[in-house]
Amino acid sequence: MITRLGTHADTPALTNILNAVISIGGTTAYEDPVSREYFNRFLSSMNPKEFLHVAESDDGIQGMQWIEQFDPPDLHVGGIATFARPGTAQRGIGTVLLEATLKTSCDLGYELLVAKIRADNTGGLAYYTKMGFVDHSVSQNEPLKDGTPVDRIIKHFAL
């Protein structure tokens, strides 16, 4: 498995992966499908501190991980998101993605990465904990589109 920066040619696969995860429900804050243009914010960004890595095998793109700045931007803190093709968990995709992301994040001067995970996303919580992220705080009762309140666990990784 290799990791590399994503390109515009990857958008069909990235869109398919994220929409497959969204359609399962319960493992992402996203509730509505995204279009291919959604990924332009990373692939065409004028902000050099935002980027997206893909993990690719002989079978194509298996996962993605991105870093984006918060609003308002903090030049030293990045928000991280990780997605793997459904059915590929426990295959090392997240590990190889994080290795590449940590290197790029350090090169760009980040000092802290922040993950915000739904409390009912046990797989996501386990992944970030395994990767060395530590619990920082809880954002309580953030409503889903249907009004259902869900806590969000905020985890930090100091670089």
Side-chain angles (χ1 to χ4, degrees), residues 1-8 10-11 14-15 17-18 21-22 24 26-32 34 37-56 61-86 88-145 149-159:
M1 180 127 8
I2 64 160
T3 56
R4 61 175 175 76
L5 289 172
T7 68
H8 287 286
D10 299 324
T11 57
L14 300 175
T15 305
I17 290 169
L18 184 51
V21 171
I22 292 168
I24 292 168
T27 61
T28 178
Y30 293 92
E31 296 183 72
D32 295 318
V34 300
E37 289 74 30
Y38 178 81
F39 294 100
N40 286 341
R41 65 191 190 143
F42 303 109
L43 304 175
S44 298
S45 178
M46 298 305 291
N47 183 343
K49 293 191 72 138
E50 294 187 333
F51 61 90
L52 180 146
H53 282 125
V54 297
E56 188 171 34
I61 294 175
Q62 301 302 308
M64 70 190 100
Q65 188 169 71
W66 65 70
I67 297 292
E68 60 187 325
Q69 289 187 289
F70 289 108
D71 188 20
D74 181 326
L75 297 178
H76 304 293
V77 179
I80 188 170
T82 309
F83 297 93
R85 182 178 302 283
T88 61
Q90 306 296 321
R91 296 195 181 155
I93 296 164
T95 300
V96 298
L97 283 168
L98 188 62
E99 289 171 1
T101 295
L102 291 178
K103 181 184 181 324
T104 302
S105 296
C106 287
D107 291 348
L108 292 174
Y110 281 109
E111 296 173 3
L112 181 71
L113 299 182
V114 177
K116 188 175 184 182
I117 308 115
R118 284 175 51 159
D120 56 350
N121 181 357
T122 57
L125 291 168
Y127 165 72
Y128 284 107
T129 298
K130 180 181 176 187
M131 295 296 108
F133 284 72
V134 296
D135 290 351
H136 177 265
S137 58
V138 176
S139 179
Q140 296 182 331
N141 299 318
E142 290 191 21
L144 299 176
K145 215 167 62 172
V150 177
D151 290 349
R152 313 291 174 144
I153 310 300
I154 290 74
K155 291 181 163 284
H156 284 184
F157 188 100
L159 297 168

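Ring geometry, Y30 versus W66: the interplanar angle exceeds 60°, so the pair is classed perpendicular (tilted spans 30 to 60°).
A salt bridge links E142 and R152; the closest N-O separation between the charged side-chain nitrogens and carboxylate oxygens is under 4.0 Å. Here E56 pairs with R4 in a salt bridge; the nearest charged N to carboxylate O distance falls below 4.0 Å.
Using a 3.5 Å distance cut-off with no hydrogens or angles, the side chains of H53 and T101 do pair a donor with an acceptor.
At least one side-chain heavy atom of T28 sits less than 4.5 Å from a side-chain heavy atom of I22. Contact of the S44 side chain with the H8 side chain is registered, since non-hydrogen atoms from C-beta on lie closer than 4.5 Å. The closest side-chain heavy-atom distance from F39 to T15 is below 4.5 Å. Put simply, the side chain of L102 reaches to within 4.5 Å of the side chain of L113, judged on heavy atoms. Annotation: side chain of E111 is not in contact with side chain of L159 (no heavy-atom distance under 4.5 Å).
Of the candidates I93, V54, L52, I80, I80 is the only one forming a side-chain contact (heavy atoms from CB on, under 4.5 Å) with Q65. Checking L14, D10, T3 one by one against M64, the side-chain contact (heavy atoms from CB on, under 4.5 Å) holds for a single residue, L14.
In terms of heavy atoms, I67 sits closest to S105 at CG1-OG, 3.9 Å.
Note that CD of E50 is 10.5 Å distant from CG of L108, once rounded to the nearest 0.5 Å.
Put simply, the side chain of H76 never gets that close to the backbone of L112: no donor and acceptor are under 3.5 Å apart.
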